[in-house]
Structures are given as structure tokens and as C-alpha cells.
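Okay, so here's the structure we're looking at.
FYI, side chains are in, hydrogens and waters are out, and symmetry mates aren't considered; it's all heavy atoms of this structure. We count ligands from 1, going down the list as the structure has it; atoms in each ligand are counted the same way.
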Amino acid sequence: MDSRPRRVAPGVQSQHAVPADLIERTRMRISVDRSLCEIHGECTFIAPQVFALNDSGDLEYVEDPTGGDSEMVRDAASACPAQAIRMEP
Ligand code: SF4
């Protein structure tokens, strides 16, 4: 089962669909180096659609966000005190 946070409920279509070319231009993959991450939580405040702390206090994140999330993810990566967030285009 996929435990990553979802932006919309399964099966629900967004009323504001992101154009396919924009998705392609902003597609990225995210990884968090868990050996560096100290669960500061800054990323969860800056990009809550992508990063979240679960009930156990562990960080969960969307590995392949698309659309308008890229700028927030960049801001979260810049703000991470441990420099644990990696982004690949
Ligand atoms: S801001 Fe960095 S150190 Fe803090 S929870 Fe996010 S990835 Fe981990």
C-alpha cells in the first residue's frame, strides 16, 4: 500500500487540471536522505502538499510531485537545515 500523502482523494478528479505540457516541464523526483534528516519539519510548513509528518513523527513525502509544486519544493529544499532534500529534474 502506498503510504505517501495524497493531494486529492483517490478517484477524485481535480477541477483545475494542470496542462500536460506544464506537468512535463515541472516533473521532478524528490528524495530525502534519511541519514541527514533530523525531522525539523520546516519542509512540512513550506510544502505541505509534498511533505508531512505522520502520527509516528516520521517524514513522508511525495516522490514525484508535478505541476505547481516545484517552486515550493525548491523553497523547502533551500530551507532544510540538514540539506537532506534532493531534487532531480
Ligand atoms: S526540513 Fe529537512 S531535516 Fe527537516 S524534516 Fe524536512 S527534510 Fe527532514
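Side-chain contact between L59 and L53: present, with at least one pair of heavy atoms (C-beta onward) separated by less than 4.5 Å. Between C43 and V32, the closest side-chain pair of non-hydrogen atoms is not below 4.5 Å. No side-chain heavy atom of E63 sits less than 4.5 Å from a side-chain heavy atom of S31. Looking at I85 and I30, their side chains come closer than 4.5 Å, going by heavy atoms from C-beta outward.
Between S70 and M87, the closest heavy-atom pair is O-CE, 4.5 Å.
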Scan the side chains in residues 73-83 for donor-acceptor partners under 3.5 Å anywhere in the protein, sequence neighbours excluded, and list what turns up.
residue	atom	partner	partner atom	Å
S78	OG	R74	O	3.1
Q83	NE2	C80	O	2.8

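Annotation for ligand 1: atoms under 4.0 Å from non-hydrogen atoms of E38 are 3 (S).
Taking 2.8 Å as the limit, the number of protein N, O or S atoms around atom 6 (Fe) of ligand 1 is 1.
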